[in-house]
*Asks:* 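Just passing along the structure, written as structure tokens.
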Amino acid sequence: MRWMTGLFSVLATLCLAVGVPALSYAQLFPVSADVATVRADLLLWATALIGVVLAIYAFKRVRGLVG
């Protein structure tokens, strides 16, 4: 089990090493944004969050049925 912790640490470090420079160069908060673009982004995030909540609910439900 100890090797899994080490592997996770290495993968997390690699993700941070790649992700942080990419985020620093990206324009995170554009000065001018269309209302349609903002609405589309909000819809996308809402859909993603609903999907995560449903996946967690399904996991707990299946785990309750099996265990």
*Asks:* Taking side-chain contact (heavy atoms from CB on, under 4.5 Å) as the criterion, tell me which of L54, V52, T47 meets it with I50.
*Replies:*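 With I50 as partner, L54, V52, T47 yield a single side-chain contact (heavy atoms from CB on, under 4.5 Å), made by L54.
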*Asks:* Residues two or more places apart in sequence or in another chain: which of them pass side-chain contact (heavy atoms from CB on, under 4.5 Å) with L49?
*Replies:*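 None.
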*Asks:* Each residue besides V53 in its hydrophobic cluster should be listed here, by chain and number; the cluster joins Ile, Leu, Val, Met, Phe, Trp and Tyr at side-chain heavy-atom distances under 4.5 Å.
*Replies:*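 For V53, no cluster forms, as it stays isolated from other hydrophobic side chains.
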